[in-house]
There are 2 protein chains.
Amino acid sequence: MVTRTDAPTRREQILKEAARLFAERGFHGVGVDEIGAAVGISGPGLYRHFPGKDAMLAELLVGISGRLLTGAKLRLAESGAAADPSAVLDSLIEGHIDFALDDRPLITLHDRELDRLRDSDRKLVRQLQRQYVELWVEVVRELYPALTEPAARSSVHSVFGLLNSTPHLARPGALPGRSVTAELLHRMARGAFAAAGAE
Amino acid sequence: MVTRTDAPTRREQILKEAARLFAERGFHGVGVDEIGAAVGISGPGLYRHFPGKDAMLAELLVGISGRLLTGAKLRLAESGAAADPSAVLDSLIEGHIDFALDDRPLITLHDRELDRLRDSDRKLVRQLQRQYVELWVEVVRELYPALTEPAARSSVHSVFGLLNSTPHLARPGALPGRSVTAELLHRMARGAFAAAGAE
DNA sequence: CCCTCAGGTTAACGACCGCTAACCTCCCTG
DNA sequence: CAGGGAGGTTAGCGGTCGTTAACCTGAGGG
(Lines give C-alpha, C1' and ligand atoms only; values in the text may rest on other atoms or scores of the structure.)
Protein backbone atom coordinates (compact mmCIF):
# COMPACT_ATOMS: atom_id res chain seq x y z
CA MET A 1 0.00 0.00 0.00
CA VAL A 2 1.62 3.23 -1.17
CA THR A 3 0.33 6.43 0.33
CA ARG A 4 0.30 9.57 -1.80
CA THR A 5 1.61 12.68 -0.10
CA ASP A 6 2.01 15.08 -3.03
CA ALA A 7 -0.85 17.35 -4.06
CA PRO A 8 -3.36 15.97 -6.55
CA THR A 9 -2.87 17.05 -10.13
CA ARG A 10 -5.48 19.12 -11.90
CA ARG A 11 -6.39 16.03 -13.90
CA GLU A 12 -7.08 14.10 -10.69
CA GLN A 13 -9.14 16.94 -9.27
CA ILE A 14 -11.27 16.93 -12.39
CA LEU A 15 -11.81 13.18 -12.25
CA LYS A 16 -12.79 13.31 -8.61
CA GLU A 17 -15.31 16.12 -9.05
CA ALA A 18 -16.67 14.59 -12.24
CA ALA A 19 -17.23 11.31 -10.41
CA ARG A 20 -19.13 13.07 -7.66
CA LEU A 21 -21.30 15.03 -10.07
CA PHE A 22 -21.99 12.07 -12.36
CA ALA A 23 -23.01 10.00 -9.36
CA GLU A 24 -25.29 12.75 -8.06
CA ARG A 25 -27.08 13.75 -11.21
CA GLY A 26 -26.24 11.19 -13.85
CA PHE A 27 -23.85 11.50 -16.78
CA HIS A 28 -26.30 13.35 -19.03
CA GLY A 29 -27.46 15.50 -16.13
CA VAL A 30 -24.11 17.22 -15.70
CA GLY A 31 -22.72 19.84 -18.05
CA VAL A 32 -19.05 20.41 -18.75
CA ASP A 33 -19.39 23.92 -17.36
CA GLU A 34 -20.42 22.47 -14.00
CA ILE A 35 -17.47 20.13 -13.91
CA GLY A 36 -15.16 22.98 -14.74
CA ALA A 37 -16.69 25.21 -12.08
CA ALA A 38 -16.20 22.45 -9.50
CA VAL A 39 -12.43 22.64 -9.96
CA GLY A 40 -12.26 26.41 -10.38
CA ILE A 41 -11.77 26.63 -14.11
CA SER A 42 -14.56 27.08 -16.54
CA GLY A 43 -16.09 24.88 -19.18
CA PRO A 44 -13.87 24.43 -22.20
CA GLY A 45 -10.74 24.54 -20.07
CA LEU A 46 -11.37 20.87 -19.41
CA TYR A 47 -10.45 20.08 -22.97
CA ARG A 48 -6.82 20.79 -22.16
CA HIS A 49 -6.93 17.65 -20.00
CA PHE A 50 -9.45 15.37 -21.67
CA PRO A 51 -10.51 14.91 -25.28
CA GLY A 52 -14.16 15.03 -24.26
CA LYS A 53 -16.75 14.46 -21.59
CA ASP A 54 -17.04 10.78 -22.53
CA ALA A 55 -13.35 10.30 -21.92
CA MET A 56 -13.71 11.33 -18.28
CA LEU A 57 -16.41 8.77 -17.68
CA ALA A 58 -14.42 6.13 -19.52
CA GLU A 59 -11.31 6.76 -17.45
CA LEU A 60 -13.34 6.63 -14.24
CA LEU A 61 -15.01 3.33 -15.08
CA VAL A 62 -11.95 1.62 -16.48
CA GLY A 63 -10.00 2.83 -13.49
CA ILE A 64 -12.31 1.49 -10.85
CA SER A 65 -12.87 -1.83 -12.59
CA GLY A 66 -9.14 -2.26 -12.97
CA ARG A 67 -8.34 -1.35 -9.39
CA LEU A 68 -11.01 -3.69 -8.05
CA LEU A 69 -9.63 -6.56 -10.11
CA THR A 70 -6.00 -5.79 -9.32
CA GLY A 71 -6.73 -5.55 -5.63
CA ALA A 72 -8.56 -8.86 -5.63
CA LYS A 73 -5.79 -10.62 -7.55
CA LEU A 74 -3.27 -9.27 -5.07
CA ARG A 75 -5.23 -10.51 -2.10
CA LEU A 76 -5.60 -13.89 -3.73
CA ALA A 77 -1.91 -14.11 -4.53
CA GLU A 78 -0.67 -13.18 -1.07
CA SER A 79 -2.86 -15.86 0.50
CA GLY A 80 -0.85 -18.50 -1.34
CA ALA A 81 -2.16 -21.41 -3.36
CA ALA A 82 -3.27 -23.69 -0.53
CA ALA A 83 -5.03 -20.98 1.40
CA ASP A 84 -8.12 -21.41 3.49
CA PRO A 85 -10.99 -20.39 1.15
CA SER A 86 -12.85 -18.92 4.09
CA ALA A 87 -10.00 -16.56 4.88
CA VAL A 88 -9.65 -15.66 1.20
CA LEU A 89 -13.34 -14.82 0.98
CA ASP A 90 -13.01 -12.65 4.07
CA SER A 91 -10.16 -10.83 2.41
CA LEU A 92 -12.13 -10.27 -0.81
CA ILE A 93 -15.10 -8.96 1.14
CA GLU A 94 -12.90 -6.65 3.15
CA GLY A 95 -11.34 -5.21 0.02
CA HIS A 96 -14.69 -4.62 -1.62
CA ILE A 97 -16.08 -2.94 1.48
CA ASP A 98 -13.08 -0.62 1.66
CA PHE A 99 -13.82 0.40 -1.89
CA ALA A 100 -17.51 0.88 -1.31
CA LEU A 101 -16.94 3.01 1.77
CA ASP A 102 -14.04 5.07 0.45
CA ASP A 103 -15.10 5.63 -3.15
CA ARG A 104 -18.84 5.86 -2.98
CA PRO A 105 -19.33 7.92 -6.14
CA LEU A 106 -17.25 5.48 -8.17
CA ILE A 107 -19.16 2.48 -6.86
CA THR A 108 -22.37 4.20 -7.87
CA LEU A 109 -21.16 5.04 -11.37
CA HIS A 110 -19.75 1.61 -11.83
CA ASP A 111 -23.10 -0.13 -12.22
CA ARG A 112 -25.15 2.82 -13.37
CA GLU A 113 -23.48 4.61 -16.26
CA LEU A 114 -21.77 1.74 -18.01
CA ASP A 115 -24.05 2.02 -21.03
CA ARG A 116 -22.97 5.60 -21.75
CA LEU A 117 -19.53 4.39 -22.85
CA ARG A 118 -18.16 3.96 -26.35
CA ASP A 119 -18.36 0.34 -27.48
CA SER A 120 -14.68 -0.40 -27.04
CA ASP A 121 -14.49 1.09 -23.56
CA ARG A 122 -17.65 -0.67 -22.49
CA LYS A 123 -16.27 -4.00 -23.65
CA LEU A 124 -13.09 -3.40 -21.69
CA VAL A 125 -14.94 -2.50 -18.50
CA ARG A 126 -17.25 -5.46 -18.84
CA GLN A 127 -14.30 -7.76 -19.31
CA LEU A 128 -12.63 -6.47 -16.16
CA GLN A 129 -15.87 -6.79 -14.23
CA ARG A 130 -16.38 -10.32 -15.48
CA GLN A 131 -12.90 -11.36 -14.38
CA TYR A 132 -13.55 -9.86 -10.96
CA VAL A 133 -16.81 -11.77 -10.60
CA GLU A 134 -15.21 -14.98 -11.83
CA LEU A 135 -12.54 -14.69 -9.19
CA TRP A 136 -15.17 -14.43 -6.46
CA VAL A 137 -17.19 -17.28 -7.95
CA GLU A 138 -14.23 -19.63 -7.77
CA VAL A 139 -13.57 -18.88 -4.13
CA VAL A 140 -17.25 -19.16 -3.22
CA ARG A 141 -17.60 -22.50 -4.96
CA GLU A 142 -14.54 -23.83 -3.24
CA LEU A 143 -16.01 -22.87 0.10
CA TYR A 144 -19.56 -24.01 -0.71
CA PRO A 145 -19.28 -26.97 -3.10
CA ALA A 146 -23.04 -27.51 -2.97
CA LEU A 147 -23.55 -24.37 -5.07
CA THR A 148 -24.00 -24.84 -8.80
CA GLU A 149 -22.04 -22.44 -10.92
CA PRO A 150 -25.03 -20.25 -11.94
CA ALA A 151 -26.20 -20.14 -8.34
CA ALA A 152 -22.75 -19.13 -7.16
CA ARG A 153 -22.65 -16.38 -9.76
CA SER A 154 -26.06 -15.10 -8.73
CA SER A 155 -25.06 -15.12 -5.10
CA VAL A 156 -21.92 -13.12 -5.85
CA HIS A 157 -23.90 -10.49 -7.77
CA SER A 158 -26.39 -10.31 -4.92
CA VAL A 159 -23.68 -9.80 -2.34
CA PHE A 160 -22.23 -7.03 -4.51
CA GLY A 161 -25.67 -5.46 -4.36
CA LEU A 162 -25.58 -5.74 -0.61
CA LEU A 163 -22.10 -4.29 -0.24
CA ASN A 164 -22.70 -1.54 -2.80
CA SER A 165 -25.81 -0.40 -0.95
CA THR A 166 -23.71 1.91 1.25
CA PRO A 167 -24.19 4.95 -0.98
CA HIS A 168 -27.90 4.79 -0.21
CA LEU A 169 -27.41 4.40 3.51
CA ALA A 170 -27.41 8.05 4.48
CA ARG A 171 -25.79 11.42 4.10
CA PRO A 172 -21.99 11.00 4.01
CA GLY A 173 -21.25 11.34 7.70
CA ALA A 174 -24.38 9.94 9.30
CA LEU A 175 -23.27 6.33 9.53
CA PRO A 176 -22.60 4.74 12.93
CA GLY A 177 -18.87 4.92 12.38
CA ARG A 178 -16.94 3.44 9.53
CA SER A 179 -15.55 0.37 11.26
CA VAL A 180 -18.92 -0.54 12.74
CA THR A 181 -20.57 -0.28 9.33
CA ALA A 182 -17.77 -2.26 7.71
CA GLU A 183 -18.10 -5.02 10.24
CA LEU A 184 -21.87 -5.21 9.88
CA LEU A 185 -21.63 -5.40 6.10
CA HIS A 186 -18.97 -8.08 6.37
CA ARG A 187 -21.06 -10.26 8.68
CA MET A 188 -24.13 -9.87 6.48
CA ALA A 189 -22.18 -10.81 3.35
CA ARG A 190 -20.86 -13.96 5.02
CA GLY A 191 -24.33 -14.77 6.29
CA ALA A 192 -25.81 -14.37 2.83
CA PHE A 193 -23.21 -16.65 1.28
CA ALA A 194 -23.64 -19.22 4.02
CA ALA A 195 -27.40 -19.26 3.45
CA ALA A 196 -26.92 -19.57 -0.29
CA GLY A 197 -24.50 -22.44 0.15
CA ALA A 198 -26.62 -24.40 2.60
CA GLU A 199 -28.06 -27.58 1.11
CA MET B 1 -55.10 -9.98 -5.94
CA VAL B 2 -57.12 -8.63 -8.83
CA THR B 3 -56.04 -9.66 -12.28
CA ARG B 4 -56.48 -7.24 -15.14
CA THR B 5 -57.96 -8.72 -18.29
CA ASP B 6 -58.82 -5.62 -20.32
CA ALA B 7 -56.31 -4.11 -22.69
CA PRO B 8 -53.88 -1.54 -21.28
CA THR B 9 -54.77 2.06 -21.95
CA ARG B 10 -52.49 4.22 -24.04
CA ARG B 11 -51.46 5.99 -20.88
CA GLU B 12 -50.35 2.71 -19.33
CA GLN B 13 -48.46 1.72 -22.47
CA ILE B 14 -46.58 5.01 -22.31
CA LEU B 15 -45.68 4.56 -18.66
CA LYS B 16 -44.44 1.05 -19.23
CA GLU B 17 -42.23 1.95 -22.17
CA ALA B 18 -40.98 5.10 -20.47
CA ALA B 19 -39.99 3.02 -17.45
CA ARG B 20 -38.05 0.62 -19.63
CA LEU B 21 -36.26 3.38 -21.52
CA PHE B 22 -35.47 5.43 -18.41
CA ALA B 23 -34.03 2.35 -16.74
CA GLU B 24 -31.93 1.51 -19.79
CA ARG B 25 -30.49 4.90 -20.62
CA GLY B 26 -31.31 7.22 -17.74
CA PHE B 27 -33.91 9.95 -17.55
CA HIS B 28 -31.84 12.55 -19.37
CA GLY B 29 -30.65 9.98 -21.88
CA VAL B 30 -34.09 9.38 -23.36
CA GLY B 31 -35.89 11.83 -25.62
CA VAL B 32 -39.64 12.26 -25.80
CA ASP B 33 -39.52 11.23 -29.45
CA GLU B 34 -38.13 7.86 -28.42
CA ILE B 35 -40.82 7.30 -25.85
CA GLY B 36 -43.44 8.21 -28.41
CA ALA B 37 -41.93 5.90 -30.99
CA ALA B 38 -41.96 3.04 -28.49
CA VAL B 39 -45.75 3.20 -28.31
CA GLY B 40 -46.32 3.94 -31.98
CA ILE B 41 -47.08 7.64 -31.80
CA SER B 42 -44.54 10.33 -32.23
CA GLY B 43 -43.04 12.86 -29.94
CA PRO B 44 -45.41 15.63 -29.03
CA GLY B 45 -48.38 13.27 -29.09
CA LEU B 46 -47.36 12.33 -25.55
CA TYR B 47 -48.51 15.72 -24.37
CA ARG B 48 -52.13 14.63 -24.86
CA HIS B 49 -51.56 12.24 -21.95
CA PHE B 50 -48.97 13.90 -19.73
CA PRO B 51 -48.15 17.54 -19.01
CA GLY B 52 -44.45 16.86 -19.54
CA LYS B 53 -41.62 14.37 -19.44
CA ASP B 54 -41.06 15.00 -15.72
CA ALA B 55 -44.64 14.01 -14.99
CA MET B 56 -44.07 10.53 -16.40
CA LEU B 57 -41.10 9.93 -14.12
CA ALA B 58 -42.99 11.33 -11.16
CA GLU B 59 -45.97 9.07 -11.74
CA LEU B 60 -43.69 6.05 -12.10
CA LEU B 61 -41.77 6.71 -8.89
CA VAL B 62 -44.76 7.68 -6.78
CA GLY B 63 -46.58 4.65 -8.13
CA ILE B 64 -43.92 2.11 -7.26
CA SER B 65 -43.20 3.56 -3.83
CA GLY B 66 -46.89 3.56 -3.04
CA ARG B 67 -47.46 0.02 -4.25
CA LEU B 68 -44.48 -1.29 -2.28
CA LEU B 69 -45.76 0.35 0.88
CA THR B 70 -49.37 -0.69 0.35
CA GLY B 71 -48.37 -4.26 -0.33
CA ALA B 72 -46.24 -4.40 2.79
CA LYS B 73 -48.98 -2.93 4.97
CA LEU B 74 -51.39 -5.48 3.59
CA ARG B 75 -49.09 -8.36 4.35
CA LEU B 76 -48.54 -7.03 7.85
CA ALA B 77 -52.25 -6.60 8.46
CA GLU B 78 -53.26 -10.04 7.28
CA SER B 79 -50.73 -11.64 9.61
CA GLY B 80 -52.63 -10.26 12.58
CA ALA B 81 -51.21 -8.42 15.57
CA ALA B 82 -49.67 -11.33 17.45
CA ALA B 83 -48.03 -12.85 14.41
CA ASP B 84 -44.74 -14.67 14.35
CA PRO B 85 -42.20 -12.00 13.33
CA SER B 86 -40.23 -14.60 11.42
CA ALA B 87 -43.23 -15.41 9.24
CA VAL B 88 -43.96 -11.71 8.75
CA LEU B 89 -40.39 -11.08 7.63
CA ASP B 90 -40.66 -13.97 5.19
CA SER B 91 -43.80 -12.40 3.79
CA LEU B 92 -42.15 -8.99 3.40
CA ILE B 93 -39.17 -10.54 1.66
CA GLU B 94 -41.40 -12.51 -0.65
CA GLY B 95 -43.35 -9.41 -1.63
CA HIS B 96 -40.22 -7.41 -2.32
CA ILE B 97 -38.74 -10.20 -4.43
CA ASP B 98 -41.92 -10.43 -6.49
CA PHE B 99 -41.57 -6.76 -7.21
CA ALA B 100 -37.89 -6.95 -8.06
CA LEU B 101 -38.42 -9.86 -10.42
CA ASP B 102 -41.61 -8.62 -12.09
CA ASP B 103 -40.93 -4.89 -12.36
CA ARG B 104 -37.21 -4.71 -12.92
CA PRO B 105 -37.19 -1.34 -14.68
CA LEU B 106 -39.19 0.25 -11.89
CA ILE B 107 -36.92 -1.14 -9.20
CA THR B 108 -33.98 0.30 -11.09
CA LEU B 109 -35.54 3.74 -11.46
CA HIS B 110 -36.65 3.74 -7.89
CA ASP B 111 -33.22 4.29 -6.41
CA ARG B 112 -31.55 5.88 -9.40
CA GLU B 113 -33.61 8.76 -10.76
CA LEU B 114 -35.17 10.08 -7.58
CA ASP B 115 -33.16 13.30 -7.76
CA ARG B 116 -34.64 14.26 -11.12
CA LEU B 117 -38.03 14.92 -9.53
CA ARG B 118 -39.61 18.23 -8.61
CA ASP B 119 -39.18 19.03 -4.93
CA SER B 120 -42.74 18.19 -3.93
CA ASP B 121 -42.76 14.85 -5.76
CA ARG B 122 -39.39 13.92 -4.37
CA LYS B 123 -40.54 14.61 -0.84
CA LEU B 124 -43.59 12.45 -1.36
CA VAL B 125 -41.58 9.55 -2.74
CA ARG B 126 -39.02 9.80 0.04
CA GLN B 127 -41.78 9.78 2.63
CA LEU B 128 -43.30 6.64 1.15
CA GLN B 129 -39.88 4.98 1.01
CA ARG B 130 -39.15 5.93 4.59
CA GLN B 131 -42.41 4.43 5.81
CA TYR B 132 -41.63 1.25 3.92
CA VAL B 133 -38.19 1.00 5.49
CA GLU B 134 -39.57 1.76 8.94
CA LEU B 135 -42.02 -1.05 8.60
CA TRP B 136 -39.23 -3.50 7.84
CA VAL B 137 -37.08 -2.12 10.65
CA GLU B 138 -39.78 -2.80 13.23
CA VAL B 139 -40.20 -6.39 12.14
CA VAL B 140 -36.46 -6.99 12.03
CA ARG B 141 -35.92 -5.53 15.49
CA GLU B 142 -38.71 -7.65 16.88
CA LEU B 143 -37.06 -10.73 15.47
CA TYR B 144 -33.50 -9.71 16.39
CA PRO B 145 -33.69 -7.64 19.60
CA ALA B 146 -29.90 -7.48 19.79
CA LEU B 147 -29.88 -5.06 16.86
CA THR B 148 -29.69 -1.36 17.65
CA GLU B 149 -32.04 0.78 15.67
CA PRO B 150 -29.36 2.27 13.35
CA ALA B 151 -27.91 -1.17 12.78
CA ALA B 152 -31.33 -2.55 11.93
CA ARG B 153 -31.91 0.27 9.46
CA SER B 154 -28.55 -0.31 7.83
CA SER B 155 -29.25 -4.02 7.57
CA VAL B 156 -32.61 -3.36 5.92
CA HIS B 157 -31.05 -1.04 3.34
CA SER B 158 -28.36 -3.60 2.66
CA VAL B 159 -30.88 -6.37 2.12
CA PHE B 160 -32.75 -4.09 -0.28
CA GLY B 161 -29.49 -3.76 -2.15
CA LEU B 162 -29.21 -7.53 -2.23
CA LEU B 163 -32.77 -8.08 -3.42
CA ASN B 164 -32.66 -5.23 -5.94
CA SER B 165 -29.53 -6.67 -7.53
CA THR B 166 -31.64 -8.83 -9.85
CA PRO B 167 -31.68 -6.28 -12.67
CA HIS B 168 -27.91 -6.67 -12.93
CA LEU B 169 -27.99 -10.44 -12.87
CA ALA B 170 -28.23 -11.07 -16.59
CA ARG B 171 -30.18 -10.52 -19.74
CA PRO B 172 -33.92 -10.83 -18.99
CA GLY B 173 -34.40 -14.54 -19.65
CA ALA B 174 -31.02 -15.96 -18.71
CA LEU B 175 -31.77 -16.65 -15.05
CA PRO B 176 -32.02 -20.24 -13.75
CA GLY B 177 -35.81 -20.00 -13.58
CA ARG B 178 -37.82 -17.49 -11.66
CA SER B 179 -38.75 -19.64 -8.68
CA VAL B 180 -35.20 -20.88 -8.21
CA THR B 181 -33.87 -17.34 -8.24
CA ALA B 182 -36.59 -16.15 -5.89
CA GLU B 183 -35.80 -18.89 -3.44
CA LEU B 184 -32.07 -18.21 -3.53
CA LEU B 185 -32.60 -14.50 -2.93
CA HIS B 186 -34.97 -15.28 -0.08
CA ARG B 187 -32.51 -17.58 1.66
CA MET B 188 -29.69 -15.07 1.26
CA ALA B 189 -31.79 -12.24 2.67
CA ARG B 190 -32.67 -14.32 5.72
CA GLY B 191 -29.06 -15.34 6.12
CA ALA B 192 -27.91 -11.74 5.94
CA PHE B 193 -30.40 -10.65 8.59
CA ALA B 194 -29.50 -13.56 10.84
CA ALA B 195 -25.82 -12.67 10.61
CA ALA B 196 -26.59 -9.04 11.33
CA GLY B 197 -28.69 -9.97 14.33
CA ALA B 198 -26.20 -12.37 15.87
CA GLU B 199 -24.59 -11.05 19.05
C1' DC C 1 -76.09 15.53 -40.61
C1' DC C 2 -73.38 18.44 -38.30
C1' DC C 3 -70.62 19.35 -34.12
C1' DT C 4 -67.41 18.19 -30.83
C1' DC C 5 -63.66 16.44 -29.04
C1' DA C 6 -60.11 12.94 -28.10
C1' DG C 7 -56.02 11.91 -29.98
C1' DG C 8 -53.13 12.38 -33.29
C1' DT C 9 -49.88 15.05 -36.91
C1' DT C 10 -45.88 18.37 -38.52
C1' DA C 11 -43.37 22.74 -38.02
C1' DA C 12 -40.92 25.48 -35.38
C1' DC C 13 -39.08 28.00 -31.30
C1' DG C 14 -35.98 28.81 -27.59
C1' DA C 15 -32.81 26.96 -24.48
C1' DC C 16 -29.04 24.30 -23.59
C1' DC C 17 -25.03 21.53 -24.38
C1' DG C 18 -20.67 19.62 -26.15
C1' DC C 19 -17.07 21.23 -28.49
C1' DT C 20 -13.94 24.30 -31.41
C1' DA C 21 -11.60 28.59 -32.55
C1' DA C 22 -9.03 32.27 -31.43
C1' DC C 23 -6.65 34.51 -28.24
C1' DC C 24 -4.07 35.49 -23.87
C1' DT C 25 -0.57 34.86 -20.16
C1' DC C 26 2.61 32.96 -17.37
C1' DC C 27 6.69 30.04 -16.51
C1' DC C 28 10.38 27.41 -17.84
C1' DT C 29 14.44 26.76 -20.47
C1' DG C 30 18.36 27.05 -24.01
C1' DC D 1 16.18 37.25 -22.80
C1' DA D 2 13.75 35.39 -26.57
C1' DG D 3 10.42 31.77 -27.39
C1' DG D 4 7.41 28.18 -26.80
C1' DG D 5 4.30 25.30 -24.70
C1' DA D 6 1.02 24.42 -20.82
C1' DG D 7 -3.12 25.88 -19.29
C1' DG D 8 -6.31 29.09 -19.15
C1' DT D 9 -10.05 32.62 -21.22
C1' DT D 10 -14.43 34.13 -24.05
C1' DA D 11 -17.28 33.89 -28.26
C1' DG D 12 -19.79 31.22 -30.92
C1' DC D 13 -21.34 27.21 -33.87
C1' DG D 14 -24.24 23.18 -34.69
C1' DG D 15 -27.13 19.92 -32.99
C1' DT D 16 -30.49 18.23 -29.84
C1' DC D 17 -34.22 18.48 -26.68
C1' DG D 18 -38.60 19.71 -24.36
C1' DT D 19 -42.40 22.11 -25.40
C1' DT D 20 -45.96 24.80 -27.95
C1' DA D 21 -48.82 26.08 -31.92
C1' DA D 22 -51.59 25.10 -35.55
C1' DC D 23 -53.81 21.91 -38.00
C1' DC D 24 -56.10 17.32 -39.19
C1' DT D 25 -59.19 13.27 -38.70
C1' DG D 26 -62.44 9.90 -37.42
C1' DA D 27 -65.96 8.32 -34.23
C1' DG D 28 -70.10 9.20 -31.24
C1' DG D 29 -74.29 11.75 -30.05
C1' DG D 30 -78.10 15.14 -30.29
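Just so it is clear, the model here is predicted, and its values are computed rather than measured. Hydrogens, waters and symmetry mates play no part in the numbers below; they use all other heavy atoms, side chains included.
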Check this for me, if you would: do E134(B) and R130(B) make a salt bridge, where the nitrogen-to-carboxylate-oxygen distance has to be below 4.0 angstrom? no

In short, W136(B) meets L92(B) closest at the heavy-atom pair CZ2-O, 3.5 Å

Rounded to whole Å, the CD-P distance (Q13(B) to dG7(C)) equals 12 Å

**Item:** Salt-bridge contact R126(A)-D121(A) (side-chain N to carboxylate O under 4.0 Å)
**Value:** no

Within the 4.0 Å heavy-atom criterion, would you say G31(A) contacts the bases, only the backbone, or no part of the nucleic acid?
sugar-phosphate

**OP:** Establish, for the pair K53(A) and F27(A), whether the NZ or CZ atom is under 6.0 angstrom from the six-membered ring centre and no further than 45 degrees off its axis.
**Re:** yes

Side-chain N or O of H49(A) versus OP1/OP2 of dG8(D): is the shortest distance under 4.0 Å? yes

I35(B) atom CD1 is separated from dG18(D) atom P, nearest whole Å, by 8 Å

| task | Scan G43(A) against the nucleic acid and name what it touches under 4.0 Å (heavy atoms): base, sugar-phosphate only, or nothing. | result | nothing

side-chain contact (heavy atoms from CB on, under 4.5 Å) filter on R20(A), not counting sequence neighbours, yields E17(A), E24(A), A38(A)

- Query: Going by atom types only, do T9(A) and R11(A) share a side-chain donor-acceptor pair under 3.5 Å?
  - Reply: no

Base, sugar-phosphate alone, or nothing: which one does V39(A) contact when heavy atoms must sit under 4.0 Å apart? nothing

K53(B) atom NZ is separated from dG18(D) atom P, nearest whole Å, by 4 Å

Each nucleotide of nucleotides 20-27 of chain C classed B (base within 4.0 Å of a protein heavy atom), S (only sugar-phosphate) or -, in 5' to 3' order, makes B-BB----

L46(A) atom CG is separated from dC19(C) atom P, nearest whole Å, by 10 Å

Whole-Å distance, R10(A) CZ to dG8(D) C1', equals 9 Å

Between CZ of F27(B) and C1' of dG18(D) the distance, given in whole Å, is 10 Å

Here the distance between atom C1' of dT9(C) and atom CG of D33(B), to the nearest Å, is 13 Å

Q. Ion pair present between D103(A) and R67(A), side-chain N to carboxylate O less than 4.0 angstrom?
A. no

Here the distance between atom P of dG18(C) and atom CD1 of I14(A), to the nearest Å, is 15 Å

